[in-house]
Amino acid sequence: MMPSIKSIQTNASTKKEEEFRTYNNTDTSERVIQHYKDMRTHQTVEFYKRMEDKFTFDNGAYRRLMTIEEAFKELENYIDASDPDMDLPNLLHLLQTAEGIRKADHPDWLQLVGLLHDVGKIMFLWGDGADGLDGLSPEGKQWALGGDTFVLGCSIPNDAVVFPEFNELNPNMSNPKYNTEYGMYEANCGLDELKFAWGHDEYMYRMLVANNCSIPREGLDMIRYHSAYPWHDKGAYRHLMKPDDLERKKWIQLFNKFDLYTKDGNNELRGEKMKEQLWPYYLGLLEKYGLGGKLKW
């Protein structure tokens, strides 16, 4: 049974809920606006296929063997260029999300999802700015690492994406194969048939599956679709959904309350606190769900 969204308790924050995710040409930083312009320009069906090949796990392929702890060290200074709410390293956001879920007494697998949901940004280790994979600086091109994802291969809904004025920049929108309501998809084909803009969500989902983790389907959905705001927040793509996709959406909406509202620049959880108090607990969860030791990345 899905926990009640009303039961959520998050870390204290100085911001009100309505002050999160503010996207407009007046209040949003130039960095974030440019990120979405680049994302809308370069995220195409063809790009997705290229990244799918680049980051494949087929036939035992991988790029590096690392523990989750080693991946965290690589992400220590990573700052998300698409985030309008916090200019702090992503590692702090992961800890705050996980601890918010833990304090709300949700299942331990959900806590682990909070800890892992953005770790797919580790892709920057194997890419560069030309492919939107420059995570070495918050000013780097990160349009294939983070940001709200939209479905590729069909028309981009103007009423469901941020900065819809950039939709016309997408090359697929001048291709009759892709620029209609259904595009390359069949009616009610289902969530898992859709190709959302390539990013950390899809990569991390594939990485977890490739490593045979035992996080339940609901948790894997949270990781794979938490950036799909046009779908889970704005209600787009109903014509492509199967009946059970609505129930799956509810779990993602539950998770996203924590993903958004636990961000707090005054709640420092790294350093000695992480090492002595937090990491031993989460290490146990990693072992429990089959993610201990060296993993394929």
Side-chain angles (χ1 to χ4, degrees), residues 35-66 68 70-71 74-75 78 80-82 90 116-136 140-156 169-179 182-186 189-213 215 220-228 230-231 237 240 291 294-297:
H35 175 93
Y36 278 100
K37 183 177 182 180
D38 290 339
M39 194 174 184
R40 218 66 51 78
T41 301
H42 300 296
Q43 286 276 4
T44 62
V45 172
E46 296 76 17
F47 178 77
Y48 183 100
K49 291 177 179 176
R50 187 155 60 82
M51 292 298 101
E52 192 174 36
D53 289 340
K54 179 180 177 72
F55 291 103
T56 185
F57 290 94
D58 290 348
N59 301 314
Y62 62 88
R63 284 134 294 281
R64 186 191 294 187
L65 291 174
M66 278 189 294
I68 294 292
E70 288 169 338
E74 296 285 359
L75 288 167
Y78 182 97
D80 188 344
S82 71
N90 216 223
L116 298 178
H117 73 281
D118 277 351
V119 177
K121 292 169 183 175
I122 198 82
M123 284 191 296
F124 82 86
L125 292 178
W126 305 289
D128 55 34
D131 283 335
L133 296 170
D134 180 3
L136 297 175
K141 296 292 185 180
Q142 298 181 12
W143 48 265
L145 291 170
D148 294 5
T149 58
F150 55 96
V151 176
L152 307 171
C154 65
S155 59
I156 305 172
L169 301 177
N170 192 287
N172 286 168
M173 293 305 96
S174 59
N175 185 335
K177 181 180 178 181
Y178 301 135
N179 65 6
Y182 288 90
M184 65 183 190
Y185 304 105
E186 299 291 332
C189 60
L191 181 63
D192 294 336
E193 295 300 313
L194 305 182
K195 296 183 185 300
F196 284 87
W198 183 268
H200 70 281
D201 316 58
E202 183 66 21
Y203 169 77
M204 193 62 188
Y205 164 77
R206 293 182 183 218
M207 177 270 180
L208 292 171
V209 171
N211 283 282
N212 300 308
C213 83
I215 292 173
L220 293 177
D221 278 351
M222 293 170 183
I223 287 168
R224 192 178 195 184
Y225 300 117
H226 69 271
S227 296
W231 170 62
Y237 310 118
L240 301 175
L291 294 169
K294 297 282 187 179
L295 303 171
K296 295 180 291 186
W297 294 84

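Remember, predicted model here, so these are calculated numbers, not experimental data. The basis for the numbers below is simple: all heavy atoms, side chains too, and nothing from hydrogens, waters or symmetry mates.
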Can you name the ring pair (Phe, Tyr, Trp, His ring centres under 6.0 Å) partners of [X], sequence neighbours left out?
X: Phe124; result: Tyr78
X: Tyr48; result: Trp198
X: His200; result: His226
X: Tyr182; result: His239

Return the set of residues passing side chain to side chain contact (heavy atoms under 4.5 Å, CB included) with [X] (not counting sequence neighbours), or none when no residue passes.
X: Lys141; result: Gln34, Asp38, Trp143
X: Lys54; result: Met51, Leu133
X: Leu125; result: Arg64, Met66, Glu74, Ile122
X: Glu46; result: Thr44, Asn172, Tyr178

>> If the condition is side-chain hydrogen bond (donor to acceptor under 3.5 Å, both in side chains), which residues does Asn170 pass it with, not counting sequence neighbours?
In response: none

Quick one: salt bridge (Lys or Arg N to Asp or Glu O under 4.0 Å) partners of [X], sequence neighbours excluded?
X: Arg224; result: Asp192, Glu202
X: Asp118; result: Lys121
X: Glu70; result: Lys294

